[in-house]
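Everything numeric in this text was worked out from a predicted model, so none of it was measured.
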Amino acid sequence: MKKTSLIDGSQIYCISPTEAQMLYEHINGYLNHDFIKIKSGDTIIDIGANIGVFGIKLSSMFSNVKIFAFEPVDPIFDVLKKNACITNNKQFKVFKWGLSDKNELLNCTYYPNSPAMSTSNPDMWGSNKELLTALKGNLENAPKNWWWAKYIPHFFYPYIVKRLRKNPQQIKCELKTISESIKDCQIEKINLLKIDCEGNELKAINGIKDSDWDIIMQLIIEVHDINGRLEHIVKMLKDKHYSVDIVKEASLKDTSLYNVYAHR
């Protein structure tokens, strides 16, 4: 299991060091948005936790924060579990299942060279165009210590994308609904629900019973705007009396990816 240093100097376990550093940049983007408020003692649900960068960051910023992190893919979960331990936050709890609109076992596609791309919806990466656009955006908005990023010629990007998608593996994963997870984990209040599950975000939201929406105060959702999904999710949240803000990260400006923030 590898280790890498983040921009703040902290060290974490990872599968891909560069990906872990970029995930940290995305997390900082979440926390720099004034629409969302987090404080000590809050309960955070992290769906699609990956290696746990969000939980690591929150554990360093707030005391007594409760984190429930969900990651279904075995190799990624092993790193998440290790990172939860090094935070010394005894309320950072990890669970090896993903979230959907029903309880089921499903094959997920795991990309060893780019674990964050792993998904139960591999069709979303069916074209290299979106990946090339995302790669370009990430390199143009890279962490400050990536001095080398500007020296990578554009003609080399397709080779990088090919490597990211190399040797995919099919891994059987357990999926549950959010409401089933709330029940199993005995969660009484959710100060923030963060959903980043690589194309499965609408199914995850559809797995919330009407009665459980009452305990969810804030949400951050990465939305893949496919077939009007962004508009549908925003309308759903507004109908449930949330105020909503839509943000396009600079690194993802030419992709179909949006961050949706909601609070009551």
For the residue pair [X] and [Y], establish whether any side-chain heavy-atom pair is separated by less than 4.5 Å.
{"X": "I45", "Y": "I178", "answer": "no"}
{"X": "E25", "Y": "V53", "answer": "no"}
{"X": "Y159", "Y": "K162", "answer": "no"}

Common cluster, [X]/[Y], ILVMFWY with side-chain heavy-atom separation under 4.5 Å:
{"X": "I47", "Y": "L192", "answer": "no"}
{"X": "I195", "Y": "I44", "answer": "no"}
{"X": "F68", "Y": "I76", "answer": "no"}
{"X": "F77", "Y": "L105", "answer": "no"}
{"X": "Y258", "Y": "L252", "answer": "no"}

For the residue pair [X] and [Y], confirm or rule out a side-chain donor-acceptor distance under 3.5 Å.
{"X": "D74", "Y": "Y110", "value": "no"}
{"X": "Q169", "Y": "T109", "value": "no"}
{"X": "S114", "Y": "E19", "value": "yes"}

Report the distance from atom [atom1] of [X] to atom [atom2] of [Y], rounding to the nearest 0.5 Å.
{"X": "I220", "Y": "D245", "atom1": "CD1", "atom2": "CG", "answer": "11.5 Å"}
{"X": "K136", "Y": "T255", "atom1": "NZ", "atom2": "OG1", "answer": "12.0 Å"}
{"X": "S16", "Y": "K2", "atom1": "OG", "atom2": "NZ", "answer": "6.5 Å"}
{"X": "M1", "Y": "C14", "atom1": "CE", "atom2": "SG", "answer": "9.5 Å"}
{"X": "K189", "Y": "M217", "atom1": "NZ", "atom2": "CE", "answer": "6.0 Å"}
{"X": "R163", "Y": "N167", "atom1": "CZ", "atom2": "CG", "answer": "10.0 Å"}

- [ ] Apply the test side chain to side chain contact (heavy atoms under 4.5 Å, CB included) to residues N113 and K166: give CA-CA distance (whole Å), side-chain angles for both, the deciding distance (0.1 Å), then the verdict.
- [x] CA-CA 7 Å; N113 294 330; K166 189 177 181 180; 3.8 Å; yes

For residues 202-214, which side-chain donor-acceptor pairs fall under 3.5 Å, sequence neighbours excluded?
from	atom 1	to	atom 2	distance (Å)
N206	ND2	L202	O	3.3
D212	OD2	S179	OG	2.6

Open item on the list: The test is side chain to side chain contact (heavy atoms under 4.5 Å, CB included); show your working for V247 and Y261 and say whether it passes.
Closed with: CA-CA 8 Å; V247 174; Y261 299 84; 3.6 Å; yes

TODO: Report the relative orientation of the aromatic rings in F35 and H263; use parallel for angles under 30°, tilted for 30 to 60°, perpendicular for over 60°.
DONE: parallel

TODO: Take the angle between the ring planes of W146 and W148 and call it parallel below 30°, perpendicular above 60°, tilted in between.
DONE: parallel

TODO: Look only at the side chain of D196 and the backbone of E222, and say whether a donor-acceptor pair between them is shorter than 3.5 Å.
DONE: no

TODO: Could you list the residues that satisfy ring-ring contact (aromatic ring centres under 6.0 Å, His included) with F155, not counting sequence neighbours?
DONE: none

Open item on the list: If the condition is salt bridge (Lys or Arg N to Asp or Glu O under 4.0 Å), which residues does K235 pass it with, not counting sequence neighbours?
Closed with: D239

TODO: Kindly write out the residues that satisfy salt bridge (Lys or Arg N to Asp or Glu O under 4.0 Å) with R229, not counting sequence neighbours, or none if the list is empty.
DONE: E201

Task: Steps toward side chain to side chain contact (heavy atoms under 4.5 Å, CB included) verdict (S181, F95) - done: CA-CA 10 Å; S181 301; F95 304 89; over 6 Å; no

Task: Taking every non-hydrogen atom, the tightest pair across A69 and F92 - done: CB-CE2, 3.8 Å

Open item on the list: Once side chain to side chain donor-acceptor pair (under 3.5 Å) is applied, what residue pairs with a partner in residues 75-90 remain, sequence neighbours excluded?
Closed with: S59-N89

Donor-acceptor pairs under 3.5 Å, side chain of residues 60-67 to any protein atom, not counting sequence neighbours: which ones?
from	atom 1	to	atom 2	distance (Å)
S60	OG	K57	O	2.7
S63	OG	S40	OG	3.2
N64	OD1	Q91	NE2	2.6

Task: L237 vs I221, side chain to side chain contact (heavy atoms under 4.5 Å, CB included): CA-CA, chis, key distance, verdict - done: CA-CA 11 Å; L237 293 171; I221 310 170; 4.2 Å; yes

